[in-house]
K.L.:
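Here it is, the structure, as C-alpha cells.
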Amino acid sequence: MSTRTLPSPLRGPDFGSYPAEDVAWLLKDLSHVRLEAPAEEREAAIQSGRAHYAESLPVEYRPSPQYQELFHRALQESATRLAYAVGLVAELILAERGPGAVLVSLARAGTPIGVLIRRWARAIHGLELPHYAMSIVRGRGIDRVALRYLARHHDPAAVMFVDGWTGKGAIASELAAALDAHAREEGVRFPGELAVLADPGRCAEIFGTRDDFLIPSACLNSTVSGLVSRTVLNDELIGPGDFHGAKFYAELAAGDVSGLFIDTVCARFEQVAAQVAADWPAHRAADRRPDWAGRRAVRRIGERYGIDDLNLIKPGVGETTRVLLRRVPWQVLARADMLDRRELAHIRLLAAERGVPVVEVEPDAFPYACMGLIRPHPHPGGAR
C-alpha cells in the first residue's frame, strides 16, 4: 500500500447539510469556484466534444411554489413504499457484506439512499455502518484517490457501492470497468456490485424494486441531497492527489429539504419492518440476475427517433427529471398507461414550464414509466 498523503473527507455542517455521522464526503470543496453555466451553453459544449459534462455545473433549479407542493405531496404518498424498498435493499446488503458493511454512495443521487440504508441498519439492527460518498463520472471513471482512501481505512471486501436508481446501466458498467482497472493497476480489488433502491433498467443484482416509480429525491437537485452539487472533474481544479470536487450551496439552506426527506421515510421504518423481515429472504433467493432489458429498450428508441448518441436518451422517472431540470430537453416519452398518474405530475409540470412536448408511447417492450430525450445539438455543417 502506498504511503502517499491522502486528503481527508468533508463532513457537515462545514460541508453539506447532513449530520456528520450520516456521511463523509470523499470530495474536494469547490464552493468558492464559479462553475455554473447556462444550459444551452453547456449542452453545445458537451455535444460538440469541446467540454465534458463533469467539467462544469448546471445552474441550480429554483422550484416554483407549485413544484415544491408536488414534491411534498409525492414524498408523503411514496414514503411507505420507499421505506419498504430501503429495507429490502438494506437487508440484502447486510446479507452480502455482514454487520461490518461499508456503504459507499455514488454522489450525489446515491447519497440520500446511502443515508437511508445507514439509518435502517441503525434503527432495525443497532448497527452504525460507515457511509462515504464519492464520485464516479461517466466516460472518465471512478475517483481513484477516494478508492485509495477507502482501502487504507477499511477492508475493500466490505464495501458496497450504492446508487439511487438505474437508467440504462451506464454507471453500473462504468463502475465494474473502473474497479477492474483499479485492481489491475494497484492490486486492490473492490467488489463490483452496485446496490440501488430501484432498478428499472434491470442491470443490478442488489435492489429494493425493479419498478420505475418516483423517488422524491430525484425531484430536486442539491436541496434534497445535502446542499451538495453534482460532482466535478476538471483538470484545472482537481490535481492527481485530489478527490473529485463538488460545491456546497450553503446559500440555499432556506429551501433545504434533505433532512425532511430522510426523516419522513425513516418515520415509516417501524410500519414496514415486519413485512420486510417476512419478504427479504424470498427476495434474496429470487433470480435477480440482470438481463439489461432497459438498455435494449433505449437502443430501440434511438433507432426510432434517429438518435445515434444514446447518452442523449435518459430512461426512467429519475433520469427524465434530471433532463428537465439540468439539460436541454427535446421531448418526453411516457407510457400511455402511466401518463396521467400522479407520480408523473412533476414531469408534466416541468415539461409544461419548459415548453417540452410529452408524447405517449405504447407500454409494450417499454420497461420505464417515461424517458427524457435531450435535444441533439447541430454540429458544424449541419450534421448531428
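Each residue takes its place number in the sequence, starting with 1. Just so it is clear, the model here is predicted, and its values are computed rather than measured.
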K.L.:
Could you state whether Val232 and Val33 fall into the same hydrophobic cluster, counting links through intermediate Ile, Leu, Val, Met, Phe, Trp or Tyr residues with side-chain heavy atoms under 4.5 angstrom apart?
P.N.:
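Val232 clusters together with Val33.
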K.L.:
Listing request: all salt bridge (charged side-chain N to carboxylate O under 4.0 Å, His left out) pairs with a residue in residues 18-31, at least two apart in sequence or in separate chains.
P.N.:
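Checked against salt bridge (charged side-chain N to carboxylate O under 4.0 Å, His left out) - neighbours excluded - the pairs reaching residues 18-31 are Asp22-Arg118, Asp22-Arg119, Lys28-Asp242.
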K.L.:
Does Arg284 pair with Glu91 as a salt bridge, N-O distance under 4.0 Å?
P.N.:
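So Arg284 does not pair with Glu91 through a salt bridge.
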K.L.:
Sequence neighbours excluded, which residues qualify as ring pair (Phe, Tyr, Trp, His ring centres under 6.0 Å) partners of Phe207?
P.N.:
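For Phe207, the residues satisfying ring pair (Phe, Tyr, Trp, His ring centres under 6.0 Å) (neighbours in sequence not counted) are His283.
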K.L.:
According to side-chain contact (heavy atoms from CB on, under 4.5 Å), who are the partners of Val359, at least two apart in sequence or on a separate chain?
P.N.:
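Per chain and number, Val359 pairs via side-chain contact (heavy atoms from CB on, under 4.5 Å) with Tyr305, Gln331, Leu333.
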K.L.:
Distance alone, cut at 3.5 Å: any donor-acceptor contact between the side chains of Thr223 and Arg62?
P.N.:
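No pair is found: no donor N or O on one side chain lies under 3.5 Å from an acceptor on the other.
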K.L.:
Do Tyr249 and Leu30 belong together in a cluster built from hydrophobic side chains that touch within less than 4.5 Å?
P.N.:
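Looking at the clustering, Leu30 is in the same group as Tyr249.
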K.L.:
If you look at every heavy atom in Lys247 and Ser31, which pair is closest and at what distance?
P.N.:
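Looking at all heavy atoms of both residues, the shortest contact is CE-O, 3.6 Å.
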K.L.:
CD of Glu69: more than 12 outside heavy atoms within 6.0 angstrom?
P.N.:
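Not more than 12 within 6.0 Å, no.
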K.L.:
The criterion is side-chain contact (heavy atoms from CB on, under 4.5 Å); which residues satisfy it with Arg322, sequence neighbours excluded?
P.N.:
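Testing Arg322 for side-chain contact (heavy atoms from CB on, under 4.5 Å), a comparison that skips the adjacent residues, returns Ala109, Trp165, Glu319, Arg326.
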K.L.:
Tell me the closest heavy-atom pair linking Ala369 and Leu344, and the distance in Å.
P.N.:
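Smallest heavy-atom distance, with atoms named: O-CD1, 4.2 Å.
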K.L.:
Is the closest basic N to carboxylate O distance between Arg42 and Glu36 below 4.0 Å?
P.N.:
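No, this pair does not count.
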K.L.:
From Leu227 CG over to Asn221 CG, what is the distance, rounded to the nearest 0.5 angstrom?
P.N.:
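If we round to the nearest 0.5 Å, Leu227:CG and Asn221:CG are 11.5 Å apart.
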K.L.:
Do Ser17 and Asp256 meet the criterion of a side-chain donor-acceptor pair at a distance under 3.5 Å?
P.N.:
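Yes - a donor-acceptor pair under 3.5 Å links their side chains.
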K.L.:
In terms of the angle between their ring planes, are Tyr368 and Phe366 parallel, tilted or perpendicular, with boundaries placed at 30° and 60°?
P.N.:
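Rings of Tyr368 and Phe366: perpendicular, as their planes differ by over 60°.
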K.L.:
Atom CG in Leu312, atom CD1 in Ile301: separation rounded to 0.5 Å?
P.N.:
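CD1 of Ile301 is found 14.0 Å from CG of Leu312.
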K.L.:
Ignoring hydrogens, what is the shortest heavy-atom contact between Ile238 and Gly245? Give both atom names and the distance.
P.N.:
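The answer is CD1-N, 3.6 Å.
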K.L.:
Please round to the nearest 0.5 Å and tell me the distance separating atom SG of Cys370 and atom CE of Met338.
P.N.:
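If I round to the nearest 0.5 Å, the distance is 7.5 Å.
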K.L.:
What are the two closest non-hydrogen atoms of Val358 and Ala334, and how far apart are they?
P.N.:
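Heavy atoms only, the tightest pair is CG1-CB, 4.1 Å.
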K.L.:
Please report the shortest heavy-atom distance between Pro329 and Val323, naming the atom on each side.
P.N.:
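For Pro329 versus Val323, the nearest heavy atoms are CB-CG1, 3.7 Å.
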K.L.:
Among residues at least two apart in sequence or on other chains, which ones pass side-chain contact (heavy atoms from CB on, under 4.5 Å) with Gln68?
P.N.:
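Once residues adjacent in sequence are excluded, the partners of Gln68 under the side-chain contact (heavy atoms from CB on, under 4.5 Å) criterion are Pro63.
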K.L.:
Hydrophobic clusters here meaning ILVMFWY residues chained together by side-chain heavy-atom distances under 4.5 Å, can you tell me if Trp330 and Val328 are in one?
P.N.:
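As far as the 4.5 Å side-chain criterion goes, Val328 and Trp330 are not connected within one cluster.
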K.L.:
For Cys219, is there any backbone N or O sitting under 3.5 Å from a side-chain donor or acceptor partner on Tyr67?
P.N.:
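Yes: the side chain of Tyr67 pairs with the backbone of Cys219.
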K.L.:
Let me confirm one number: the CE-CZ distance from Met134 to Phe243, rounded to the nearest 0.5 Å.
P.N.:
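Here the interatomic distance stands at 8.5 Å.
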K.L.:
Can you tell me how far OG1 of Thr166 sits from CZ of Arg295, rounded to the nearest 0.5 angstrom?
P.N.:
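Rounded to the nearest 0.5 Å, the CZ-OG1 separation comes to 10.5 Å.
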K.L.:
Quick check: closest heavy atoms across Asp212 and Pro367, and the distance to 0.1 Å?
P.N.:
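The pair with the smallest heavy-atom distance is CB-O, 4.3 Å.
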K.L.:
Among residues at least two apart in sequence or on other chains, which ones pass ring pair (Phe, Tyr, Trp, His ring centres under 6.0 Å) with Phe161?
P.N.:
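Scan of Phe161 (ring pair (Phe, Tyr, Trp, His ring centres under 6.0 Å), adjacent residues dropped) gives none.
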K.L.:
What pairs with Glu174 under salt bridge (charged side-chain N to carboxylate O under 4.0 Å, His left out), at least two apart in sequence or on another chain?
P.N.:
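Counting only residues at least two positions away or on another chain, Glu174 forms no salt bridge (charged side-chain N to carboxylate O under 4.0 Å, His left out).
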K.L.:
Listed by chain and number, what are the ring pair (Phe, Tyr, Trp, His ring centres under 6.0 Å) partners of Phe71, not counting sequence neighbours?
P.N.:
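Scan of Phe71 (ring pair (Phe, Tyr, Trp, His ring centres under 6.0 Å), adjacent residues dropped) gives none.
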K.L.:
Give every donor-acceptor pair under 3.5 Å between a side-chain atom in residues 264-272 and any protein atom, sequence neighbours left out.
P.N.:
residue: Thr264; atom: OG1; partner: Leu260; partner atom: O; Å: 2.7
residue: Arg268; atom: NH1; partner: Thr80; partner atom: OG1; Å: 2.7
residue: Arg268; atom: NH2; partner: Gln76; partner atom: OE1; Å: 3.3

K.L.:
Taking side-chain contact (heavy atoms from CB on, under 4.5 Å) as the definition, give me every residue that meets it alongside Pro191, ordered by chain and number, with sequence neighbours left out.
P.N.:
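Arg97, Glu193.
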K.L.:
With sequence neighbours excluded, tell me which residues meet ring pair (Phe, Tyr, Trp, His ring centres under 6.0 Å) with His154.
P.N.:
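Checked His154 against ring pair (Phe, Tyr, Trp, His ring centres under 6.0 Å); matches are Tyr132.
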K.L.:
Say whether Trp292 and Leu310 are linked into one hydrophobic cluster, either directly or through other cluster members, by side-chain heavy-atom distances under 4.5 angstrom.
P.N.:
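Different clusters.
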K.L.:
Output yes when Asp199 and Arg288 qualify as a salt bridge under the 4.0 Å nitrogen-oxygen rule, no when they do not.
P.N.:
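Judged by the 4.0 Å cut-off on N to carboxylate O distance, Asp199 and Arg288 do not form a salt bridge.
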K.L.:
Mark yes when over 12 heavy atoms from residues, nucleotides or ligands other than Glu236 sit less than 6.0 Å from its CD; otherwise mark no.
P.N.:
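No, not enclosed.
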K.L.:
With rounding to the nearest 0.5 angstrom, report the CD to CD distance, Glu96 to Glu205.
P.N.:
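Answer rounded to 0.5 Å: 8.0 Å.
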K.L.:
What salt bridge (charged side-chain N to carboxylate O under 4.0 Å, His left out) pairs are there with at least one residue in residues 338-352, not counting sequence neighbours?
P.N.:
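Of all non-adjacent pairs touching residues 338-352, those that pass salt bridge (charged side-chain N to carboxylate O under 4.0 Å, His left out) are Glu77-Arg342.
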